[in-house]
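Residue numbers begin at 1 in each chain, while the letters A, B, ... track the order of the sequences. What's counted below: heavy atoms across the whole structure, side chains too, no hydrogens, waters or symmetry copies. Quick caveat: nothing in here was measured; it's all calculated off a predicted structure.
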There are 2 protein chains.
Amino acid sequence: MAPNDAVLAPFRKQGHDHGKCVRDALTAAEQVCAREGASLTPLRRRVLELVWGAHAPVRAYDLLDTLRGERRRAAPPTIYRALDFLLSVRLIHRIESLNAFVGCADPKHSHGGQFLICDGCGAVAELDDPTIARRVADRARALGFTPRRQTIEISGRCPDCAADG
Amino acid sequence: MAPNDAVLAPFRKQGHDHGKCVRDALTAAEQVCAREGASLTPLRRRVLELVWGAHAPVRAYDLLDTLRGERRRAAPPTIYRALDFLLSVRLIHRIESLNAFVGCADPKHSHGGQFLICDGCGAVAELDDPTIARRVADRARALGFTPRRQTIEISGRCPDCAADG
DNA sequence: CTGTTTATGTTATATTATAACAATCTCTGT
DNA sequence: ACAGAGATTGTTATAATATAACATAAACAG
Ligand SMILES: [Zn+2]
Ligand SMILES: [Zn+2]
Ligand SMILES: [Zn+2]
Ligand SMILES: [Zn+2]
């Protein structure tokens, strides 16, 4: 398996076992929370599972609609609080340019991810190129700025969608 | 004047002539629009001027409030259409992580800017480091992705605010 | 237990953005 | 000047995203 394969999984409509993606993500989540003493309640766990449901960014109110099917009293704060928790332990990322959320591909290591967002199919792949992150941070510091968080989002066309229209 | 001076102007509360910033921005805007055959109407020009009012990102509804003082019938579409126009000719940028807008420091050259956003004072400085932009684009292309637009936003503390709390 | 913290429920509202259609302005060709 | 076409702005309504504020209920430590 080429090293790019994991990164590009979201762009492969067929040929990746997404059930396994989700199971692995939940397992990793348990470990991360245990390590940090954070409490992954059933609600938070379920929201994380829903975020992972597609290999694509999900909007808060879509999560809410789904959750309402199984938990009558879900309201906007229900979802936003769960999302805030998941963000705080870095199990998910927020895609600023889409107002949407996506599961973190590598929650065990701290990082400000870089995201490739396909205009065609909506899929998002998460890179983690330390060279880019470091270069950006260095450039900021060279100007006397103290960086805290990076948001790097690249819109364009994934391999499949570039081939089509 | 050191080369960083222009970039850091937004972080210097004193000692930069902001009136000149605005006048220069409007002059450049006229030129850009003339060159592209775009029509910088009084309304659009005024909204651009308001965006430049502070050297900081401005939210759409704040612009709307201001505009209403001088144009009774301003409504959300008034502002959003003007902003869409200004974005389309790249006279302003949208800061995704703030849902806010900021004047482009260099509208004569096409670029996906990189933004340093101060948590303390709210000021935003625009970099344009081609090395970063190229590296990001190259990395995307190496994965078969065709990049169209980059969003790069760095939150942190500007020199002044890092010195304080 | 009992108070304290954490998590969730509940209602209401704030903030950001767009849809849809009407009116007006601008420009062009005659 | 006039008609028609396209661009711009006005107007009303509503969609989409997010948070405030306070109530209730679990979880947990002493
Ligand atoms: Zn998957
Ligand atoms: Zn991640
Ligand atoms: Zn710019
Ligand atoms: Zn500052």
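- Between A/Ser39 and the phosphate of C/dT6, there is no side-chain N or O to OP1/OP2 separation shorter than 4.0 Å.
- The CZ atom of B/Phe85 sits 11 Å away from the C1' atom of D/dA7 (whole-angstrom rounding).
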Which pairs, protein N/O on one side and nucleotides 9-11 of chain C N/O on the other, fall under 3.5 Å?
from, atom 1, to, atom 2, distance (Å)
C/dG9, OP1, A/Arg71, NH1, 3.0
C/dG9, N7, A/Arg81, NH2, 2.5
C/dG9, O6, A/Arg81, NH1, 2.9
C/dG9, O6, A/Arg81, NH2, 3.4

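- Summarising the local packing, CZ of A/Arg135 is surrounded by more than 12 heavy atoms from other residues, nucleotides or ligands at distances under 6.0 Å.
- Judged as a side chain to side chain contact (heavy atoms under 4.5 Å, CB included), and not counting sequence neighbours, the contacts of A/Arg46 are A/Glu49, A/Leu50, A/Leu67, A/Glu70.
- One atom, CG of A/Leu83, and another, P of C/dT8, lie 12 Å apart when rounded to the nearest Å.
- At the phosphate of C/dA17, OP1 or OP2 sits under 4.0 Å from a side-chain N or O atom of B/Arg94.
- With contacts defined as side-chain heavy-atom distances shorter than 4.5 Å, the pair A/Leu116/A/Cys158 does not qualify.
- Side-chain N or O atoms of A/Glu153 include none that pairs as donor or acceptor with a backbone N or O of A/Ile117 at under 3.5 Å.
- Judged purely by atom type and a 3.5 angstrom limit, B/His55 has no side-chain atom pairing as donor or acceptor with the backbone of B/Ala125.
- The separation between B/Tyr80 atom OH and C/dA19 atom P is 13 Å, rounded to whole Å.
- The environment of CZ in B/Arg35 is crowded: more than 12 heavy-atom neighbours from other residues, nucleotides or ligands sit within 6.0 Å.
- Here the P atom of nucleotide C/dT15 and the CG atom of B/Leu98 are 16 Å apart, to the nearest Å.
- Per the geometry, CD1 belonging to B/Ile79 stands 18 Å off P belonging to C/dA19, to the nearest Å.
- When hydrophobic clusters are built by joining Ile, Leu, Val, Met, Phe, Trp and Tyr residues whose side-chain heavy atoms come closer than 4.5 Å, directly or via intermediates, A/Val32 is grouped together with A/Val47.
- At whole-Å resolution of the value, CD1 in B/Ile95 and P in C/dT16 are 14 Å apart.
- Between the side chain of A/Tyr61 and the base of D/dA18, at least one donor-acceptor pair of N or O atoms lies under 3.5 Å.
- Two end axes, each from the C1' atoms of five base pairs, can be drawn for the helix from C/dC1-D/dG30 to C/dT30-D/dA1; they diverge by 30°, to 10 degrees.
- Looking only at side-chain heavy atoms (C-beta outward), A/Arg148 and B/Asp119 come within less than 4.5 Å of each other.
- The CZ-C1' distance, from B/Arg59 to D/dA18, rounds to 13 Å in whole Å.
- Ring-plane geometry between B/Phe145 and A/Phe11 is classed as parallel, the angle between the planes falling under 30 degrees on a 0 to 90 degree scale with a further cut at 60.
- Going from atom CG of B/Asp62 over to atom C1' of C/dA17 covers 15 Å, rounded to whole Å.
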